[in-house]
Amino acid sequence: MMKQTLIIITLPPFLIFLFIIITGVEGAKRSFESYNNKNSVKLFVFGDSYVDTGNFLNSGSYNPPYGISFPGKPTGRFCDGRVLTDYVASFLKIKSPTPYALRNSSELQYGMNFAHGGTGIFNTLVDGPNMSVQIDSFEKLIEQRVYTKHDFESSIALVNAGGNDYATFVLKNGSLQNISVLTESLIEQMSLNLKRIHNLGINKIAIGLLEPIGCVPMLTVKSSYEKCDEAFNLVSQNHSQMLLQIVQQLNKQMGKSVFMTLDLYNSFLSIIATMQKSRVENSTVMNPLQPCCKGEDLKYFCGSVDDKGARKYSLCEKPEFSLFWDTVHPSQNGWYAVYMMLQSSLGQLIGEKNF
Ligand SMILES: *[C@@H]1O[C@H](CO)[C@@H](O)[C@H](O)[C@H]1NC(C)=O
Ligand SMILES: *[C@@H]1O[C@H](CO)[C@@H](O)[C@H](O)[C@H]1NC(C)=O
Ligand SMILES: *[C@@H]1O[C@H](CO)[C@@H](O)[C@H](O)[C@H]1NC(C)=O
Ligand SMILES: *[C@@H]1O[C@H](CO)[C@@H](O)[C@H](O)[C@H]1NC(C)=O
Ligand SMILES: *[C@@H]1O[C@H](CO)[C@@H](O)[C@H](O)[C@H]1NC(C)=O
Ligand SMILES: *[C@@H]1O[C@H](CO)[C@@H](O)[C@H](O)[C@H]1NC(C)=O
C-alpha cells in the first residue's frame, strides 16, 4: 500500500487532470462519410476525458502533440486522434456530437457531448462539471426545447466516469484504505444519474465499466512499465462488478433493456495480454504498458514546453503501435482496439441482429 501511495503523491498534480480518452489508427482509415442528416440518431455523452471531445478548454489536450494522428492538430481530445466517443458515433453512422463548450446551433443534429476531462461522478480536484452538473446542462437544453422527446426516439447516451473519483480519493487520503466505501457511494450516485438520463427521455444508454486503472502508465511506471498494479485493478474490478449488478437490476425494474455495459475492464486486459504475447515474437509491437508521449522528467508531462518554448516531452516513433498515448489515456490505436471488442455490445444496444 505504502509503495503505491508514494508514487502517486510524487507525481505532478497535473497528471490527475488526465484521466479520460482513446481511438485507433486503422480506425482512422475507416470511412466517416455516410452520415444521415436531420432526423438522424443522436448521441449524448456524459463523463470524463475518456469520452470528452473538446470541452476542457485551455487544457493540455488543446496543445500539440495532442491530435497529431488525427486530425493533425489538437482538438481538445486527450489522445493523438479519435476517442471512444468518435468510434461509437461512427458505429451509429453519425458525426461525432458537438462538444457542449463549442455548441453551435447549426450542428445539433448528432446530439451533444457534455463530458469534461478530469471530472467524476462526484467533484474531483479538477474544477469542472461533475456528471450531475453535465446532466443539468442537458436538462436545460430540453427545457429550452433545443431537443424534444421526439428527438430521443432513436437517441443513445454514452456514459463513462469513475477513474477521476478514485484518483481524487487516493491523492487526498494517501492510500487505498477503505476505498470500497467510495465504490458503494459512486455506484449509488451513478444509479441515480442513469435513471435521470432515462427519465429525461433516452431509452438506450451505454455505460463504460471502469478500465483497469492499475494498468495506466502512471501506475505501471514504478515497475518500469512491466506490470499492472493489482491492488488498483481490484478497485476497478469491484467497481465494474457492482456497476454491472445495478445495471441488471435497473433493466429488470424497467422490464426492458434500457442499459447496456461496455466492458472496458476486460477489453483493456485482453488487449494488453495480446500485445504482450505478440511482442515476444515481434519487436515492432510496443509495450502496451508504456505511454507513447511523456514528460522528460516528473516536472513535465506530454505537451510540456519550457519558458523558451522548447519541448520537454518525448514522443514514441509510431503512436499507431501504442496502446497508451499519455500516462493515463489510450492512443487512437488503443481506442480502436477497444472499440473492436465492444462491437457486439454496441450492436445489442441498438438492436442489431447479427452480433
Ligand atoms: C457553426 O457551424 C457552421 C457549419 O458547421 C460553421 O460554418 C460556423 O462557422 C460555426 N459557427 C461557430 C460560431 O462555430
Ligand atoms: C456536483 O457539483 C455541484 C456543484 O459543485 C454540487 O453542488 C453537487 O453536490 C455535485 N454533485 C455530486 C453528486 O457530487
Ligand atoms: C477518505 O476516506 C474516507 C473513508 O475512510 C472517506 O470518507 C473520504 O471520503 C475519503 N476522502 C476522499 C477525498 O475521498
Ligand atoms: C477506515 O475505516 C475505519 C473504520 O471505519 C477507520 O477506523 C479508519 O480510520 C479508516 N481509515 C482511513 C485511512 O480513513
Ligand atoms: C472488493 O470487494 C470485496 C468483496 O465485496 C471487498 O471485500 C474488498 O474490500 C473490495 N476491495 C476493494 C479494493 O474495493
Ligand atoms: C509486427 O507488428 C507490427 C505492429 O503491430 C505489424 O504492423 C507487423 O505487421 C508485425 N510483423 C509481423 C512479421 O508480424
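Hydrogens, waters and symmetry mates play no part in the numbers below; they use all other heavy atoms, side chains included. In each ligand, atom 1 is the first atom listed, and ligand 1 is the first ligand listed.
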Interfacing atoms of ligand 6 (cut-off 4.0 Å, heavy-atom, V285): 2 (O), 5 (O)
Exam field: side chain S224 to backbone E226, donor-acceptor pair closer than 3.5 Å: no
Proximity of F152 and F44 rings by center, below 6.0 Å: yes
Close aromatic pair by centroid cut-off 6.0 Å: Y336 and F70: no
Ligand 6 N/O within reach of T284 N/O, cut-off under 3.5 Å: no
Sub-4.0 Å heavy-atom contact, I179 with ligand 5: yes
Donor + acceptor pair across side chains of T85, T53 (<3.5 Å): no
Side chains of S331 and D80, donor plus acceptor under 3.5 Å: no
Every pair of nitrogen or oxygen atoms between ligand 2 and the protein that is under 3.5 angstrom apart - can you list them with their distances to 0.1 Å?
{"from": "ligand 2", "atom 1": "2 (O)", "to": "N123", "atom 2": "OD1", "distance (Å)": "3.3"}
{"from": "ligand 2", "atom 1": "2 (O)", "to": "N130", "atom 2": "ND2", "distance (Å)": "2.3"}
{"from": "ligand 2", "atom 1": "5 (O)", "to": "N123", "atom 2": "ND2", "distance (Å)": "3.3"}
{"from": "ligand 2", "atom 1": "11 (N)", "to": "N130", "atom 2": "ND2", "distance (Å)": "3.1"}

Mutual orientation of the aromatic rings belonging to F56 and F78 [parallel < 30°, tilted 30-60°, perpendicular > 60°]: tilted
Electrostatic pair D136:R196 at N-O distance under 4.0 angstrom: yes
Backbone or side-chain N or O of N238 under 3.5 Å from ligand 5 N or O: yes
Verdict with reasoning, D48 to N160, per side chain to side chain donor-acceptor pair (under 3.5 Å): CA-CA 6 Å; D48 58 21; N160 187 82; 3.1 Å; yes
Numbering as shown, the atoms of ligand 5 that approach V235 to under 4.0 Å (heavy-atom distance): 13 (C)
